[in-house]
Number of protein chains: 2
Amino acid sequence: MTKQQLFEQIQKKRSFLCVGLDSSLDKIPKHLLKYENPILEFNKQIIDATKDLCVAYKPNTAFYECYGKKGWETLIETWKYIPQDIFSIADAKRGDIGNTSAMYAETFFNAASSEMSFDSVTVAPYMGSDSVTPFLTFKDKWVILLALTSNAGHADFQLQEIGEDKLFEKVLKTSQTWATDEQMMYVVGATRGAAFGDVRKLAPDHFLLVPGVGAQGGDLNEVCKYGLNSQCGLLINSSRGIIYASQGEDFAEKAREEALKLQKEMEQILIAAELINHR
Amino acid sequence: MTKQQLFEQIQKKRSFLCVGLDSSLDKIPKHLLKYENPILEFNKQIIDATKDLCVAYKPNTAFYECYGKKGWETLIETWKYIPQDIFSIADAKRGDIGNTSAMYAETFFNAASSEMSFDSVTVAPYMGSDSVTPFLTFKDKWVILLALTSNAGHADFQLQEIGEDKLFEKVLKTSQTWATDEQMMYVVGATRGAAFGDVRKLAPDHFLLVPGVGAQGGDLNEVCKYGLNSQCGLLINSSRGIIYASQGEDFAEKAREEALKLQKEMEQILIAAELINHR
């Protein structure tokens, strides 16, 4: 999917919501355990209930790998179930030496090899250029590079000062010599509200994938105040806040309610920013 | 496996060789393609041919994931085939927020969940403490944290100066507040020979996993000169140099020859360091 196509989806759906499919056997409703593949059934019902309200789905690979072969199959089937016009993110946080990152790119982008072809994959920057560039050889596919993450440990290294920059700022600067904003996005945690101003100074035009709204405590309006750009430029992820809104038989309905609340807030933000019209 | 047990294996086998199982369909001998699972057959024959010469096996997950479900099954079956007294490394370079890293730890350490229980997993440090600590809750399991990698891109961030330290030195220092040398090792690339002196100043007692000998150009004697400690403290990985020594029907035999060359060199190094006796 191109940047322009993603922006058009945002305008059409009046939403920049990404639903995180961090689906775990011990957290999904008990009545689903009777299915041959409970997590796949859960994901399908969540997708059916939210697909008109969001522009992206983001399964985190950890939640699939932990179930071995069966989990990997669930990831593949989940990818197949995501509608083609919705931006798909393999939240895998991969990265290795060049010839190995090339194999990870095959994993997430080449369906002929792995049966999956996500629109994007999250990548960790620690190993530098040749760990990232192999992902950039696929047309209309995206690298979403970790910059400033939403977890407590982000301060250990990401905020350390390298000359006049913090490490995450150095990552933002250096990585822009590898790819344009048509191929690269950045992960910036919602729990870092005011830092969005710093990020936008360095990456005014990039899309940012923003985890941490909801369960982790990030504030949507704060993020948008500093983070919105002329093509929206934000994908706001909510995982637990939506998919685990209820653990009863009404889980899909409740997930939709939570997604709808966020979509309505986002619609107002997009209108206020004159990125869409009033209806 | 404990640190002491690993050292005993090194003394017994007179080797600190790790064989990297980066096995790819387009590089294994053609005659294996007739097998139902060519890569598994390849790995089994490589293991059979080298298991008395090495103390560790390291499959890199990228080379398995890229084949989807079948690849994940191959990884599981490969793990099962690695003898229990040989240290197994899932070279996965994972790392995510706390609750997600906990799922990755299940993936690689909890066979009841994933059918695999490696002795160790490689982890990327960028996300800080809570991305690493969930891996440390498993008894006798190891985190092998990326410090100074063997690829060209290492200079982009790892060598950047934070106050008086380079980033990789900051990683070495900070991570020692999370775990001892009984639970944590570091990845230090062999292509960084002289840097082993700097690493040993900060981590004198830790085991170091050293990729980059062979195909990537690292020098064994240079690494040992600066890196050896009183319990050896080094696991030297060779992947392509061993497993692809021949692409003919004699591939296992040639792999053994390459492994034997390295083992013989390592034996001399261990004798010279008085870590083992002459035979």
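From a predicted model like this one, the values you see are computed outputs, not experimental measurements.
The two atoms that bring A:Met103 and B:Ala62 nearest to each other are CB-O, 3.7 Å, heavy atoms only. When all heavy atoms are compared, the tightest approach of A:Trp178 to B:Phe157 is CH2-CE1, 3.8 Å. Here the shortest heavy-atom pairing between A:Leu146 and B:Tyr126 reads O-CE2, 3.7 Å.
Contacts of A:Thr174 with chain B are made by side-chain atoms alone, with heavy-atom separations under 4.5 Å and no backbone atom involved. For B:Phe108, the part lying near chain A is the side chain, with the backbone staying farther off; criterion is any non-hydrogen pair under 4.5 Å. Contact of B:Asp96 with chain A is made through backbone and side chain together, with heavy-atom distances under 4.5 Å. For chain A, the nearby parts of B:Thr100 are the backbone and the side chain; heavy atoms of each come within less than 4.5 Å. Proximity to chain A is absent for every atom of B:Met116, based on heavy atoms less than 4.5 angstrom apart. Both the backbone and the side chain of B:Thr61 come within less than 4.5 Å of a heavy atom in chain A. Contacts of B:Glu161 with chain A are made by backbone atoms alone, with heavy-atom separations under 4.5 Å and no side-chain atom involved. Neither the backbone nor the side chain of B:Val132 comes within less than 4.5 Å of any heavy atom in chain A. At a 4.5 Å heavy-atom cutoff, the contact between B:Ile76 and chain A is made by side-chain atoms alone. Looking at B:Thr149, only its side chain comes within 4.5 Å of chain A, counting heavy atoms on both sides.
Between chain A and the residues B:Ser175, B:Ser24, B:Ala147, B:Ala105, the most heavy-atom pairs under 4.5 angstrom are made by B:Ala147. Listed options B:Gly189, B:Ala112, B:Ala152, B:Ala124 were ranked by heavy-atom pairs under 4.5 angstrom with chain A; first place goes to B:Ala152. Per-residue heavy-atom pair counts under 4.5 Å with chain B were compared for A:Glu73, A:Glu115, A:Glu106, and the maximum is reached by A:Glu73. Interface check for chain A: of the options B:Pro125, B:Ala102, B:Ala92, B:Ala155, the most heavy-atom pairs under 4.5 Å are formed by B:Pro125.
A heavy-atom distance below 4.5 Å is found between the side chains of B:Asn99 and A:Arg240. Using a 4.5 Å cut-off on side-chain heavy atoms (C-beta onward), A:Cys66 and B:Tyr104 make no contact. Using a 4.5 Å heavy-atom cutoff, the side chains of A:Gln158 and B:Met127 are in contact. Looking at B:Tyr67 and A:Ser114, their side chains never come closer than 4.5 Å, going by heavy atoms from C-beta outward. Side-chain contact check for B:Leu75 versus A:Trp72: every heavy-atom pair is 4.5 Å or farther apart.
For B:Lys30, the NZ atom counts as densely surrounded, since its 6.0 Å shell holds more than 12 non-hydrogen atoms of other residues, nucleotides or ligands.
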Task: side-chain contact (heavy atoms from CB on, under 4.5 Å) evaluation trace for A:Glu65 with B:Glu65 - done: CA-CA 10 Å; A:Glu65 289 181 28; B:Glu65 290 182 28; 4.2 Å; yes
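Distance check, rounded to the nearest 0.5 Å: CD1 of A:Ile97 to CG of B:Asp91 gives 9.0 Å. To the nearest 0.5 angstrom, A:Ser129 atom OG is 7.5 Å from B:Asn151 atom CG. To the nearest 0.5 Å, the span separating NE2 on A:His154 from CG on B:Asp130 amounts to 10.5 Å. Going from atom OG1 of A:Thr74 over to atom NZ of B:Lys69 covers 9.5 Å, rounded to the nearest 0.5 Å.
In this view, B:Ala179 and B:Leu136, B:Gln183, B:Met184 satisfy the side-chain contact (heavy atoms from CB on, under 4.5 Å) rule, not counting sequence neighbours.
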